[in-house]
Visitor: 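Starting off with a structure, shown below.
Note that the coordinates shown come from a computational prediction; the quantities given were computed from them, not determined experimentally. Numbers for residues simply follow the sequence, beginning at 1.
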Amino acid sequence: MLELKNIKKSYKTGEFVQHALKGVSLTFDRNEFVCILGASGSGKTTLLNIIGGLDRYDSGDLIINNMSTKKFNDTLWDAYRNNCVGFIFQSYNLIGHLSVLENVEMSLTLSGVKDKKEKSLSALEKVGLKDHAYKKPNQLSGGQMQRVAIARAIVNDPEVILADEPTGALDTKTSKQIMELIKEISKDRLVIMVTHNMQQAVRISDRTAFFLLGELVEYGKTEEMFSQPTDKRTEDYITGRFG
């Protein structure tokens, strides 16, 4: 479904060059939950932004449903972002002066979809917030705001959900509830989540990828990777190599 081939990305500030991704190759399947682990600065968010079309890679190729993106123009990238990808951010990114319903409808407005209200209410129902549709974000708890963000991400029925530290601002109990909700969503689409929380990744993901200084260190089925908790990779993580 999604394939990254030798993706490289660097950022230049004056004379300083930061190599965010150093030739990363990965494949993702439909209907799975993948967690991306690594310390700050390891390239996790850069990877997510490239997959979501928010940032462009320098070299390599991102292949979407067997189609290379090397020659994508702005129109094709816009269509991909608006129709194929849903984003969930740590900071929710809700618009304060709009109602919960209007925030969810924004995704459909960008995609030119009709029947926005009906589809948005359906998405809110899936996350348990239909009764809060006409409230403003500041009338909700942090967990409820993240549920709104999830409804906004799934309302257009995208093939891919990208989540960047979606529980980073939430307490432990609420984080668990949000993770269970995202896990449920992954049953019928691909979910890729960046997190620092290894315990969270072990508990819910189908596959896990470890990043270190812009490189993919290990990638595989989560159950198999963590079947031996004393292996070197886990020791490295605990002692701080991975954060």
Side-chain angles (χ1 to χ4, degrees), residues 1-9 20-52 55 57 60 62-64 85-90 146 150 153 158-170 172 175-243:
M1 181 187 181
L2 276 179
E3 184 178 1
L4 288 81
K5 288 187 173 182
N6 198 32
I7 292 289
K8 295 181 180 180
K9 177 66 180 179
L21 294 175
K22 304 173 183 177
V24 172
S25 297
L26 273 171
T27 58
F28 301 98
D29 298 326
R30 299 179 189 276
N31 308 342
E32 69 170 350
F33 197 150
V34 179
C35 278
I36 310 295
L37 288 170
S40 297
S42 61
K44 305 186 307 297
T45 296
T46 298
L47 176 78
L48 215 64
N49 288 340
I50 286 174
I51 292 172
D55 203 354
Y57 51 88
L62 171 63
I63 299 172
I64 305 166
V85 184
F87 298 91
I88 306 171
F89 302 98
Q90 177 179 339
Q146 193 59 288
I150 292 171
E159 296 179 71
V160 183
I161 296 290
L162 302 177
D164 194 355
E165 297 282 1
T167 63
L170 303 176
T172 302
S175 294
K176 185 176 180 180
Q177 293 170 346
I178 293 298
M179 282 297 96
E180 293 300 332
L181 178 57
I182 297 175
K183 177 67 174 177
E184 184 68 23
I185 290 170
S186 71
K187 291 181 179 179
D188 57 5
R189 71 196 77 220
L190 169 64
V191 174
I192 305 172
M193 183 180 77
V194 162
T195 182
H196 284 92
N197 192 325
M198 185 169 70
Q199 290 182 334
Q200 203 173 69
V202 172
R203 184 170 60 85
I204 61 172
S205 66
D206 300 309
R207 291 200 283 174
T208 299
F210 283 93
F211 275 76
L212 178 64
L213 300 177
E215 296 182 344
L216 177 65
V217 178
E218 190 166 359
Y219 184 43
K221 292 183 179 179
T222 303
E223 185 177 359
E224 295 176 0
M225 290 174 67
F226 290 94
S227 61
Q228 299 179 9
T230 57
D231 66 15
K232 187 177 186 303
R233 183 206 61 259
T234 306
E235 290 175 4
D236 287 340
Y237 193 98
I238 294 171
T239 55
R241 279 192 66 207
F242 293 103

Visitor: Is the closest side-chain heavy-atom distance between L2 and L62 below 4.5 Å?
Guide: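 L2 reaches L62 side chain to side chain.
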
Visitor: Quick one: do the S175 and T172 side chains pair a donor with an acceptor below 3.5 Å?
Guide: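 Note: S175 and T172 side chains miss the donor-acceptor criterion.
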
Visitor: Mind checking what makes salt bridge (Lys or Arg N to Asp or Glu O under 4.0 Å) contact with E165, not counting sequence neighbours?
Guide: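 By the salt bridge (Lys or Arg N to Asp or Glu O under 4.0 Å) rule, E165 matches no residue at all.
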
Visitor: For V85, is there any backbone N or O sitting under 3.5 Å from a side-chain donor or acceptor partner on E159?
Guide: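 No.
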
Visitor: Measuring from I64:CD1 to I51:CD1, what's the distance to the nearest 0.5 Å?
Guide: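 So the CD1 of I64 and the CD1 of I51 are separated by 9.5 Å.
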
Visitor: Does the side chain of F28 come within less than 4.5 Å of V34's, by heavy atoms?
Guide: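 V34 vs F28: side chains touch.
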
Visitor: Between CE of M225 and OG of S205, what distance do you get to the nearest 0.5 Å?
Guide: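 Nearest 0.5 Å value for the CE-OG distance: 8.5 Å.
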
Visitor: Between A153 and F87, which heavy-atom pair has the shortest distance, and what is it?
Guide: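 Reported closest heavy-atom pair: CB-O, 3.6 Å.
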
Visitor: Find the distance between CD1 (I88) and OG1 (T167) and round it off to the nearest 0.5 Å.
Guide: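 I88 CD1 to T167 OG1: 11.0 Å, rounded to 0.5 Å.
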
Visitor: How many angstroms lie between atom CD1 of I36 and atom CZ of F211, to the nearest 0.5 angstrom?
Guide: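 Output value for this atom pair is 5.5 Å.
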
Visitor: What distance do S25 atom OG and I7 atom CD1 have between them, rounded to the nearest 0.5 Å?
Guide: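 It is 8.0 Å, given to the nearest 0.5 Å.
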
Visitor: Considering residues at least two apart in sequence or located in another chain, which fulfil the salt bridge (Lys or Arg N to Asp or Glu O under 4.0 Å) criterion with K183?
Guide: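 K183 satisfies salt bridge (Lys or Arg N to Asp or Glu O under 4.0 Å) with D206 once adjacent residues are dropped.
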
Visitor: Hey, is the main chain of L21 close enough, under 3.5 Å, to the side chain of K8 for a donor-acceptor pair?
Guide: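 No, the answer is negative, given that no donor and acceptor are paired below the 3.5 Å cut-off.
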
Visitor: With a 3.5 Å cut-off and no angle check, do the side chains of D164 and T45 form a donor-acceptor pair?
Guide: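 The answer is yes; a qualifying pair exists.
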
Visitor: Please walk me through it: do I161 and I182 pass side-chain contact (heavy atoms from CB on, under 4.5 Å)?
Guide: CA-CA 9 Å; I161 296 290; I182 297 175; 5.6 Å; no

Visitor: Minimum heavy-atom separation for P166 to Q146, with atom names?
Guide: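 Taking P166 first and Q146 second, the nearest heavy atoms are O-NE2, 2.6 Å.
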
Visitor: Within the 4.5 Å heavy-atom criterion, are I150 and I178 side-chain neighbours or not?
Guide: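 Sidechains of I178 and I150: in contact.
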
Visitor: Between L4 and L47, is there a side-chain heavy-atom distance shorter than 4.5 Å?
Guide: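 Sidechains of L4 and L47: in contact.
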
Visitor: With sequence neighbours left out, write down each residue that passes side-chain contact (heavy atoms from CB on, under 4.5 Å) with L213, or none if nothing qualifies.
Guide: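 Applying side-chain contact (heavy atoms from CB on, under 4.5 Å) to L213 gives K22.
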
Visitor: Side-chain contact, heavy-atom cut-off 4.5 Å: N6 with V24?
Guide: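 No, too far: nothing below the 4.5 Å cut-off.
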
Visitor: Working to the nearest 0.5 Å, report the span between OH of Y57 and CD1 of I50.
Guide: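 Here the interatomic distance stands at 9.0 Å.
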
Visitor: Please find the pair of heavy atoms, one from T46 and one from K9, that lie closest to each other, and give the distance.
Guide: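 Closest approach of T46 to K9, heavy atoms only: CG2-CG, 3.9 Å.
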
Visitor: Would you say the side-chain atoms of R207 pair up with the backbone N or O of Y219, donor to acceptor, closer than 3.5 Å?
Guide: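 No, the answer is negative, given that no donor and acceptor are paired below the 3.5 Å cut-off.
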
Visitor: May I ask you to decide if D29's main-chain N or O and E32's side chain share a donor-acceptor pair within less than 3.5 Å?
Guide: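 Answer holds: yes.
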
Visitor: Walk me through whether V160 and R189 qualify under side-chain contact (heavy atoms from CB on, under 4.5 Å).
Guide: CA-CA 6 Å; V160 183; R189 71 196 77 220; over 6 Å; no

